[in-house]
Amino acid sequence: MGETEGKKDEADYKRLQTFPLVRHSDMPEEMRVETMELCVTACEKFSNNNESAAKMIKETMDKKFGSSWHVVIGEGFGFEITHEVKNLLYLYFGGTLAVCVWKCS
Amino acid sequence: MIPASAKAPHKQPHKQSISIGRGTRKRDEDSGTEVGEGTDEWAQSKATVRPPDQLELTDAELKEEFTRILTANNPHAPQNIVRYSFKEGTYKPIGFVNQLAVHYTQVGNLIPKDSDEGRRQHYRDELVAGSQESVKVISETGNLEEDEEPKELETEPGSQTDVPAAGAAEKVTEEELMTPKQPKERKLTNQFNFSERASQTYNNPVRDRECQTEPPPRTNFSATANQWEIYDAYVEELEKQEKTKEKEKAKTPVAKKSGKMAMRKLTSMESQTDDLIKLSQAAKIMERMVNQNTYDDIAQDFKYYDDAADEYRDQVGTLLPLWKFQNDKAKRLSVTALCWNPKYRDLFAVGYGSYDFMKQSRGMLLLYSLKNPSFPEYMFSSNSGVMCLDIHVDHPYLVAVGHYDGNVAIYNLKKPHSQPSFCSSAKSGKHSDPVWQVKWQKDDMDQNLNFFSVSSDGRIVSWTLVKRKLVHIDVIKLKVEGSTTEVPEGLQLHPVGCGTAFDFHKEIDYMFLVGTEEGKIYKCSKSYSSQFLDTYDAHNMSVDTVSWNPYHTKVFMSCSSDWTVKIWDHTIKTPMFIYDLNSAVGDVAWAPYSSTVFAAVTTDGKAHIFDLAINKYEAICNQPVAAKKNRLTHVQFNLIHPIIIVGDDRGHIISLKLSPNLRKMPKEKKGQEVQKGPAVEIAKLDKLLNLVREVKIKT
């Protein structure tokens, strides 16, 4: 019984957690929204290839907001980065993914 | 193509003649012939070359003749070609066969002399030959004479050279091209005749400059992402969302209300797109503050200064000039009307126009406040000069205006635009001559606003504002009495009287006085349009102002351009007092605080203040107030403050403070009860009048 309930919960959770959850950001509002949308698009497009998603996000960000962007996507990682002020976004997406986008030249 | 043999003899005689005459030219010519000699020698040495496989034949064999007949028919051409005809579905023989057969072709390399290519080659070779020649000439200078003879010899065996030359026909022709055939042809410029120049400028010294900007600020950020943290974050977020949803459900009506409030705010914001109105309020306050600072001394004088010298002067007073009002837009216009606002005691209206028949132009209506002497509070401009104005007592925002062109108009100060709210027109019974005075009346039976106007066309018109329209009624048509009889033959001409001023009785509602251009004053009633109640032969020139005494109901005053001010009892046909001011009187005004005080202004720029209770023969103040030669046109007392405003014909308005001596009486009266005031005033004036009346009766 317990197991089935657990599975049910899991399914519920996966169904519900499709929205991006911003954990930390110091971007201006407009930029943050744009970046968030970009991350969602990339992660949905390359749902089983994090590398491609990261590449897409990086390249698009480079085009839109100037060069030297860095993107990390993964299910579990730890990091300590140096970033330019007002150029960091750290969000969770889809219930399992963490995406960190920052700029540092 | 000329064979080489033919060319050589042609050249030589020519060459010889020159060689005798000039040594220098000879060289050129010699070198020219050198080429010809060379070819001859070269042709001679040449022998016929035979191919090795040529048949050795005897003479007989060589002379043998073989006859061949050439026909146009191609022996190899097929005779029986058939082709399938799709049209007829059968094979059909083709009659026409191509008979042309090519046995041998060769591409030639001969070039016509005249062609471009030929010429080009010609020049090229000439150049080469030229350079060769010069070399040869240097070596041959020593044996010039020897050369000439062998040349002649060599020309003779020219026929011998013919044979080998003919054999090598092609080579000869080429030679031909190379030799310079046309000496007249323009010489090719020497491609190698050029000079090279170079110069160098100073090199600018090179300097290094560097600067460094501060790098964009950076910070560190660290976090750890793993599944359980992500899960926790999402769960937390979900809970939050649910809570907010519940809250929203609980507070929906409130939320709606707040939304409505926001909407309302928005709309109000939209309606206030012209926030300048708000700003203008602040600006106005600011402007007044600045003015208060600028005119601080004047404001102090207005409030507190009393001429201390009055105590030592016997019964005479002075006028202290305070603010001066003028505006650039009304610079050339004269002040034609002044009127204090009955509600706001610091506000007054000024009408601008011109009294000069020849210089009529535009008009203006300005409203000034004493609080801001530098700029008018309201400004209205019109095409025709403003001649008179009046402010409604109960509606102090309504200003009635009479124009020089005969129109009357009502301006509403509440309306921001500069056009009159109501205006008469030619259709709606406007005056045909300047309107000299307008006066608001009490509202009629139907509570409609109405006012009267008087004009030079002799009509006195009552204007009523009915349903946002001005309706006119002619109250009286002025006629000059007794003049009709002058015209014979039964024709009755009624010369019109020209009204110039009027005033309505304070208590007797229907009674009013009209001053005319002829100098007569008529006492009229609103109810009798054809008849005057009384006629006074008041002045010799046009009456400028008539004015009822504010206290005594029988007394009125008139002034005229004939230099006089007269005070009347309306029951007596002769004036009570006559004052000659030695100049045309522009305006007179009763003081609001005393029955015996009045002010008059004259065209020589003087203001006169009279107090009959103090001196009934002379003015107690007689002071020039206008700048330069400006003529004073109008005067008005403020209703509460002890000041008068005086306007002149250059558009200036001067406010003047009355010194204590000029307002002595009211001060004493103020000490008593207010209600008693009027009665005392009446008694005071009556006392004076009685003196005169007695004299009159006696005489």
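The chains referred to below are lettered A, B, ... by the order of the sequence lines, with proteins before strands, and numbering in each begins at 1.
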Can you tell me how far CG of A/L21 sits from CD of B/E237, rounded to the nearest 0.5 angstrom?
-> 5.0 Å
Considering residues, nucleotides and ligands other than A/K58, do more than 12 of their heavy atoms fall under 6.0 Å from its NZ?
-> yes
Answer yes or no: are there more than 12 heavy-atom neighbours, outside B/R332 itself, under 6.0 Å from its atom CZ?
-> no
Flag if over 12 foreign heavy atoms under 6.0 Å of CD, A/E51 = no
Is the number of heavy atoms from other residues, nucleotides or ligands under 6.0 Å of A/K64 NZ greater than 12?
-> yes
Answer yes or no: does atom OH of B/Y344 have more than 12 heavy-atom neighbours from other residues, nucleotides or ligands under 6.0 Å?
-> no
Counting only heavy atoms closer than 4.5 Å, note whether B/Q241 contacts chain A via side chain, backbone, both or neither.
-> side chain
Determine the minimum heavy-atom distance between B/Q227 and A/E75, stating which atoms define it.
-> NE2-O, 2.9 Å
Within a reach of under 6.0 Å around CG of B/N383, are more than 12 heavy atoms found that belong to other residues, nucleotides or ligands?
-> no
Taking the side chain as every heavy atom from C-beta outward, state whether A/W102 and B/F221 have any pair of such atoms under 4.5 Å apart.
-> no
Mark yes or no for whether B/Y234, through its side chain, and A/Y92, through its backbone, hold a donor-acceptor pair below 3.5 Å.
-> yes
Mind checking the CG-OG1 spacing from B/N226 to A/T96? Nearest 0.5 Å is all I need.
-> 12.5 Å
Heavy atoms from other residues, nucleotides or ligands near CE of B/M379 exceed 12 (cutoff 6.0 Å) = yes
Separation of B/L238 CG from A/F19 CZ (nearest 0.5 Å) = 5.0 Å
Could you give the distance from CG (A/N87) to CZ (B/R218), rounded to the nearest 0.5 Å?
-> 10.5 Å
Report the residue from A/K86, A/E84, A/H83 that forms a side chain to side chain donor-acceptor pair (under 3.5 Å) with B/T219.
-> A/H83
